[in-house]
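Have a look at the structure below, then the notes.
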Protein chains: 2
Amino acid sequence: MQISARADYAVRALLVLASHDPETTKSDVLAESQHLPKKFLEAILADCRRGGLLLSQRGAEGGYRLARPAAEIAIGDVIRAVDGPLAGVRGARPETAGYDGEAANLQTVWVALRASVRSVLDEVTLADVVRGELPDHVRTLAGSPGAWSSR
Amino acid sequence: MQISARADYAVRALLVLASHDPETTKSDVLAESQHLPKKFLEAILADCRRGGLLLSQRGAEGGYRLARPAAEIAIGDVIRAVDGPLAGVRGARPETAGYDGEAANLQTVWVALRASVRSVLDEVTLADVVRGELPDHVRTLAGSPGAWSSR
DNA sequence: AGTATCTCGATCGGTTTGGTAGGCAATGCT
DNA sequence: AGCATTGCCTACCAAACCGATCGAGATACT
């Protein structure tokens with residue numbers, strides 16, 4: 001249940017792109033404005049391009065731009081592009097589990113967990129984060145007691 | 001956002017222990033009844049013991065048993081015992097992020113995500129899963145449209 | 001004491017992760 | 001045409017992690 005460096009960097013870079021929409025921005029600018037390792041970021045941006053989130057332009061005056069409006073790209077889309085499926089059990093999808101005995105109902109828990117994760121990551125878009133206006137559902141979660149303290 | 005083999009195995013073993021409560025059960029039985037690699041499971045059970053979830057008895061007639069009633073051990077407790085914090089960003093806690101610029105509000109998203117994960121894993125206990133009676137909140141999530149299909 | 005169990009600590013090989021380096025391909029400017 | 005700029009691909013590397021195992025230490029029974 002960890003957000004990898006790839007996912008974190010990808011989201012941050014796309015947030016910068018979203019705020020510069022629709023002009024193209026070069027990777028240098030993205031890396032410096034969020035203090036990300038340049039070459040590593042390039043590899044991540046390539047994943048986003050292959051995932052259909054980004055368009056790229058080579059050569060001088062080149063750079064990247066969003067393939068869709070920022071309001072139509074969810075955080076979950078970005079994570080899926082760089083890390084694969086949002087949630088899984090031992091590398092596989094929760095619905096393909098096949099537990100028996102006392103663990104028979106465990107599958108339902110994992111499915112509920114995935115649904116819960118999706119309810120956050122698939123509802124928040126890049127535009128939401130840039131504008132600082134998160135969906136009510138997400139604001140409620142972040143404002144619930146103990147949300148900001150470790151456990 | 002993956003459930004590791006350690007976490008999956010740990011939960012399944014503790015579910016068996018919960019159903020045998022309060023008698024001690026040896027790792028052999030746990031491994032066979034859920035088809036888990038025996039020696040690997042032992043290492044995982046040791047983590048649970050150090051985490052205060054299990055009591056162990058060495059030697060002949062030894063085995064493991066729950067340190068608390070099954071209704072007072074949440075799935076989240078088990079995962080924390082074997083994998084550390086439930087949710088984090090690049091190995092650190094979400095609240096220690098320190099984003100700036102366009103990503104300033106991203107921290108709130110990660111905190112909401114963690115709260116969402118906790119709302120499932122910290123509300124479901126071992127006893128719930130064994131009895132097949134999950135909290136309403138979790139049943140609603142698992143029953144929501146699309147919860148059982150991949151994306 | 002001896003022995004059969006059973007847990008515990010250390011270890012190990014392979015994969016993934018985070019990050020770097022260099023060369024090639026495409027584009028625009030002069 | 002020639003050159004500077006910028007993305008793209010392959011390879012490489014160290015460190016961490018993951019799944020799994022071996023040998024030793026603790027306990028109970030005879």
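By convention in this document, chain letters (A, B, ...) are assigned in the order of the sequence lines, proteins followed by strands, and residues within each chain are numbered from 1. Quantities reported herein were computed from a predicted structural model and do not represent experimental measurements.
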#### Entry: From A:Leu113, A:Leu106, A:Val109, residue fulfilling side chain to side chain contact (heavy atoms under 4.5 Å, CB included) relative to B:Val124
A:Val109
### Message
Below 4.0 angstrom, which residues in residues 6-23 of chain B have at least one non-hydrogen atom near DNA chain D?
### Response
B:Arg6, B:Tyr9
### Query
Say you draw a straight line from CD1 of B:Ile73 to CG of B:Leu15; how long is it, rounded to the nearest 0.5 Å?
10.5 Å
### Task
Can you tell me which residue pairs pass the salt bridge (charged side-chain N to carboxylate O under 4.0 Å, His left out) test with a partner in residues 85-101 of chain A, sequence neighbours excluded?
A:Arg90-B:Asp8, A:Glu95-A:Arg114
### Summary
CG (B:Leu54) and CG (B:Leu14) are apart, to the nearest 0.5 Å, by 5.5 Å
### Task
Would you list the pairs meeting salt bridge (charged side-chain N to carboxylate O under 4.0 Å, His left out) in which at least one residue belongs to residues 137-151 of chain A, sequence neighbours left out?
A:Arg151-B:Asp122
#### Entry: Residues touching DNA chain D, which here means a heavy atom under 4.0 Å, drawn from residues 86-97 of chain B
none
### Query
Are A:Tyr64 and A:Val29 connected in the hydrophobic side-chain network, where two residues link if heavy atoms are under 4.5 Å apart?
no
## Note on the structure
Outer limits of DNA chain C sitting under 4.0 Å from a non-hydrogen atom of chain B, read 5' to 3', are C:dT5 to C:dG9
### Query
Base, sugar-phosphate alone, or nothing: which one does A:Ala46 contact when heavy atoms must sit under 4.0 Å apart?
nothing
### 5' priority, DNA chain C, between A:Gln57 and B:Ala60 [closest heavy atom]
B:Ala60
Run the side-chain donor-acceptor check on residues 36-47 of chain B: report pairs under 3.5 Å with partners two or more places apart or on a different chain.
residue	atom	partner	partner atom	Å
B:Lys38	NZ	B:Asp28	OD1	3.4
B:Asp47	OD1	B:Arg50	NH2	3.0
B:Asp47	OD2	B:Arg6	NH2	2.3

### Query
Rounded to whole angstrom units, what separation is found between the CD1 atom of B:Ile3 and the C1' atom of D:dC17?
17 Å
### Task
Check which hydrophobic residues are tied to B:Trp148 through side-chain heavy-atom contacts below 4.5 Å, counting indirect links as well, and list them.
A:Val111
## Note on the structure
Contacts of A:Arg131 meeting side-chain hydrogen bond (donor to acceptor under 3.5 Å, both in side chains) (sequence neighbours excluded), chain-then-number -> A:Glu133
### Message
Just verifying a value: how many Å separate A:Gln2 CD and B:Asp83 CG, rounded to the nearest 0.5 Å?
### Response
9.0 Å
### Message
What is the separation between atom CG on A:Leu55 and atom P on D:dC8, rounded to the nearest whole Å?
### Response
11 Å
### Task
Kindly write out the residues that satisfy side-chain hydrogen bond (donor to acceptor under 3.5 Å, both in side chains) with B:Asp128, not counting sequence neighbours, or none if the list is empty.
B:Thr125
### Query
If you find the nucleotide of DNA chain D closest to A:Gly62 and the one closest to A:Arg50, which residue's nucleotide is nearer the 5' end?
A:Gly62
### Task
Measure from CG on A:Leu45 to C1' on D:dT6 and round the result to the nearest Å.
13 Å
### Task
Grab the NZ-P distance between A:Lys26 and D:dA4 for me, whole Å please.
15 Å
### Message
Which residues pass the side chain to side chain contact (heavy atoms under 4.5 Å, CB included) test with A:Ala115, not counting sequence neighbours?
### Response
B:Leu141, B:Ser144, B:Ala147
#### Entry: Summary of salt bridge (charged side-chain N to carboxylate O under 4.0 Å, His left out) pairs that have at least one residue in residues 56-71 of chain B, sequence neighbours excluded
B:Arg68-B:Asp77
Report each atom pair, protein N/O against N/O of nucleotides 21-25 of chain D, whose distance is under 3.5 angstrom.
residue	atom	partner	partner atom	Å
D:dG23	O6	B:Lys39	NZ	2.8

### Query
What is the distance, rounded to the nearest whole Å, between atom OH of B:Tyr64 and atom P of D:dA26?
15 Å
